[in-house]
Amino acid sequence: MDNLAIARLLREIADLLEIKGDNPFKIRAYRNGGDIVANHPHDLATLDAVGLREIPGIGKDLAMRILEIASTGDCAYHRELIAEFPPSVLDMLRLQGVGPKTVATLYRELGVRTLDDLEAACTSGRVRAIRGMGPKKEALILKALAERKQYAGRHLLPDAHNTAAAVVTYLQAQAPDALLTPVGSLRRGRETCGDIDILVTGADASLLELFTRYRLIERVLGHGDTRSSALLQGGFQVDVRLVPDDCRGAALQYFTGSKAHNIALRDRAIGLGLKLNEYGVFRTADDVRVAGTTEDEVYAALGLAWVPPELRENRGEVEAASNGTLPTLVELTHLRGDLHMHTTASDGRDTIEGMAEAAAAAGLEYIAITDHSQALAMANGLDERRALAHAARIRGIDGHAGVRLLAGIECDILPDGTLDLNDECLAQLDIVIVSVHSAFNMDKAQMTDRLIRAMENPHVDVVGHPSGRLILRREAYPFDIDAVVAAAGRTGVALEINCQTNRLDLSDIHARVARDRGAPLVISSDAHSTRGFSRLRWGAIVARRAWLQPKHVLNTRPFAAFTAGLRRHRQPS
DNA sequence: GCCGTTTTCGGCCCGACTGTTTTCAGTCG
């Protein structure tokens with residue numbers, strides 16, 4: 001059982017306990033446990049009870065459950081709860097406007113077990129007959145059922161960013177003096193966003209009214225003096241929140257989250273005799289406000305340095321902010337080179353010259369041209385002869401547009417871990433990226449061996465998109481991140497943070513493991529056209545979420561220092 | 001269920017909105 005499978009069961013236990021009406025703090029403990037397991041970078045199935053209990057939030061009982069799930073794939077406690085409520089009722093919990101109390105009532109009073117049951121109960125008018133429910137509740141449920149499929153799921157960070165930017169542009173035009181800031185998971189830079197929150201100050205409630213007339217709105221979900229929310233075409237839910245100017249800092253902090261970060265802050269506030277909410281920091285004793293106008297001030301009132309939004313996941317940032325050890329995070333502008341891109345030689349749309357010119361416009365000093373190797377026939381991959389000829393052309397225009405060019409390749413890692421081009425060819429290139437593009441259905445041990453064997457080839461410099469995931473489309477192939485990171489540290493092969501918007505691979509969590517173990521990292525666009533360089537910003541955000549500083553990222557170095565740091569130019573240790 | 005420079009017991013984050021209601025419960029973020 002992997003972490004996500006364990007997390008799923010713990011979260012289901014939490015949901016079932018909630019429907020059952022159990023102790024809310026017990027529910028929170030299980031839900032929290034699920035989050036901890038899901039976000040944990042290491043395979044928890046390998047830990048014993050002592051190791052598990054060292055993780056904050058995992059106590060005696062949760063450690064026992066995790067052990068049981070890891071070894072048997074199931075859990076007696078979970079089975080007990082399922083006996084009381086069929087697992088199909090959990091689907092109802094996911095409906096907008098339907099919570100645990102409603103689910104419990106519907107199940108107990110009407111015997112509703114499934115979404116289909118629920119629809120039938122609503123259309124036949126049985127729901128409105130229940131005390132505490134009425135025609136509006138019935139209609140709400142029907143609407144939620146109808147839209148469940150269409151609006152289900154999350155969205156890629158860049159999509160959320162673009163949607164938010166369009167809404168902000170619209171609102172700004174209505175209220176030129178207003179200060180509009182996307183908050184929530186978008187501000188934190190999470191790889192996917194469920195909905196979009198936009199914080200407004202310096203405007204009055206009429207702006208919320210104007211928002212409800214935004215042209216891309218499919219349906220207004222709610223409208224008040226402090227908040228309006230709507231579903232946009234394309235399935236985004238957008239919440240616009242209006243707060244008084246002097247609460248801006250507190251509201252920014254509050255609505256940026258994450259929930260776990262905020263809970264940790266409120267915990268800390270309580271310890272200091274303070275109360276933290278979206279209006280400010282207040283002394284508990286006399287309710288006098290001591291901070292809230294700026295975010296800086298809010299953190300300062302809690303004895304903390306301002307925490308970059310990307311770090312606000314309760315992964316150690318509160319402690320670091322408290323003792324002055326927050327890292328100075330890498331920024332997009334620190335990137336001097338881009339090491340992964342394609343041209344018309346394989347499946348790119350632009351020429352070497354075009355890519356160099358676009359790189360110069362993007363402020364880059366050097367780039368590596370890394371077209372595909374022959375195994376990707378679909379992408380017109382290069383064999384040894386073409387690869388070397390291509391390299392000669394690249395070197396022939398080194399310095400074009402003032403950009404230093406490296407002649408490279410993105411070479412396929414074959415299923416047995418050997419490479420798609422021979423060593424003699426690879427040795428003559430300036431940089432070699434190796435990637436998995438086929439045979440994803442291997443087991444964890446095989447895939448780990450495959451990756452490590454490729455990394456042990458002395459001509460390899462970088463592993464491209466190491467996990468192979470496609471966000472919201474395909475899970476990563478199974479592999480042992482710890483072993484791969486260790487191999488990277490041992491061989492000097494860098495691990496890539498690929499900036500394709502649905503890859504972002506390594507993920508923030510894996511990149512942090514790499515950082516903590518001293519494995520070299522690079523941030524690369526994997527551009528397939530001149531527009532692709534703009535994607536570097538997303539990789540920078542992933543890197544920041546992984547606590548990376550410029551020194552952790554090879555391509556923040558000037559050209560000479562960068563090439564000297566490549567594996568092929570390192571002295572064997 | 002978790003946790004501990006007050007504590008091994010008694011706490012545990014908080015406010016807005018909605019709908020069904022005459023004072024509040026449920027849901028959401």
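Residue numbering restarts at 1 for every chain, and letters A, B, ... go by the order of the sequence lines.
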Review point. Any ring-ring contact (aromatic ring centres under 6.0 Å, His included) pairs touching residues 174-200 of chain A, not counting sequence neighbours?
Key: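 Non-adjacent pairs meeting ring-ring contact (aromatic ring centres under 6.0 Å, His included): zero.
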Study note, to complete from the structure: In whole angstroms, the gap separating C1' of B:dG29 from CD of A:E278 amounts to 10 Å
Practice item. Measure from CZ on A:R187 to P on B:dG29 and round the result to the nearest Å. Key: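 Rounded to the whole Å, the gap is 20 Å.
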Point to revise | Reference residue A:V200; test side-chain contact (heavy atoms from CB on, under 4.5 Å); the match among A:V243, A:L179, A:L242, A:T181 | key: A:L242
Check your understanding: Quick one: salt bridge (charged side-chain N to carboxylate O under 4.0 Å, His left out) pairs with a partner in residues 21-40 of chain A, sequence neighbours left out?
Key ->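 Counting only pairs at least two positions apart or across chains, the salt bridge (charged side-chain N to carboxylate O under 4.0 Å, His left out) contacts touching residues 21-40 of chain A are A:R11-A:D35, A:D15-A:R31, A:E18-A:R31, A:D22-A:K26.
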Study note, to complete from the structure: residues 286-303 of chain A vs salt bridge (charged side-chain N to carboxylate O under 4.0 Å, His left out), sequence neighbours excluded, gives A:R187-A:E295, A:R283-A:D286, A:E295-A:R312
Review point. Do any pairs count as a side chain to side chain donor-acceptor pair (under 3.5 Å) and have a residue in residues 190-199 of chain A, sequence neighbours left out, and if so which ones?
Key: A:R154-A:T192, A:E191-A:R469
For DNA chain B, which residues in [range] have a heavy atom at a distance below 4.0 Å?
range	result
residues 241-249 of chain A	A:R241
residues 120-131 of chain A	none
residues 11-35 of chain A	A:N23, A:F25, A:K26, A:R28, A:A29, A:Y30

Practice item. Let me know, please, whether A:D195 or A:G222 comes out on the 5' side of the other along DNA chain B by nearest nucleotide. Key: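 It is A:G222, whose closest nucleotide lies nearer the 5' terminus.
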Practice item. For B:dT20 and B:dA25, measure between their C1' atoms and round to the nearest Å. Key: 9 Å
Exercise for review: Sticking with atom C1', work out how far B:dT8 lies from B:dC3, rounded to a whole angstrom.
Suggested key: 9 Å
Under 3.5 Å, N/O pairs linking protein and nucleotides 24-28 of chain B:
{"residue": "B:dG26", "atom": "O3'", "partner": "A:T102", "partner atom": "OG1", "Å": "3.3"}
{"residue": "B:dT27", "atom": "OP1", "partner": "A:G99", "partner atom": "N", "Å": "2.8"}
{"residue": "B:dT27", "atom": "OP1", "partner": "A:G99", "partner atom": "O", "Å": "3.1"}
{"residue": "B:dT27", "atom": "OP1", "partner": "A:T102", "partner atom": "N", "Å": "2.8"}
{"residue": "B:dT27", "atom": "OP1", "partner": "A:T102", "partner atom": "OG1", "Å": "2.2"}
{"residue": "B:dT27", "atom": "OP2", "partner": "A:K101", "partner atom": "N", "Å": "3.1"}
{"residue": "B:dT27", "atom": "O5'", "partner": "A:G99", "partner atom": "N", "Å": "3.4"}
{"residue": "B:dC28", "atom": "OP1", "partner": "A:L95", "partner atom": "O", "Å": "3.2"}
{"residue": "B:dC28", "atom": "OP1", "partner": "A:G97", "partner atom": "N", "Å": "2.5"}
{"residue": "B:dC28", "atom": "OP1", "partner": "A:V98", "partner atom": "N", "Å": "3.3"}

Review point. For A:R126, which residues count as a side-chain hydrogen bond (donor to acceptor under 3.5 Å, both in side chains) partner, sequence neighbours excluded?
Key: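 A:S124.
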Check the interface with nucleotides 5-8 of chain B: list each N/O to N/O pair with the protein under 3.5 Å, or write none.
none

Run the side-chain donor-acceptor check on residues 164-172 of chain A: report pairs under 3.5 Å with partners two or more places apart or on a different chain.
{"residue": "A:T169", "atom": "OG1", "partner": "A:A165", "partner atom": "O", "Å": "2.8"}
{"residue": "A:Y170", "atom": "OH", "partner": "A:L210", "partner atom": "O", "Å": "2.7"}
{"residue": "A:Q172", "atom": "NE2", "partner": "A:A175", "partner atom": "O", "Å": "3.2"}
{"residue": "A:Q172", "atom": "NE2", "partner": "A:P176", "partner atom": "O", "Å": "3.3"}
{"residue": "A:Q172", "atom": "NE2", "partner": "A:A178", "partner atom": "O", "Å": "2.8"}

**Study point:** Phosphate OP1/OP2 of B:dG15 contacted by A:N277 side-chain N/O (<4.0 Å)
**Key:**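 Yes, within the criterion.
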Scan the side chains in residues 54-68 of chain A for donor-acceptor partners under 3.5 Å anywhere in the protein, sequence neighbours excluded, and list what turns up.
{"residue": "A:R65", "atom": "NE", "partner": "A:Y30", "partner atom": "OH", "Å": "2.8"}
{"residue": "A:E68", "atom": "OE2", "partner": "A:A76", "partner atom": "N", "Å": "2.9"}

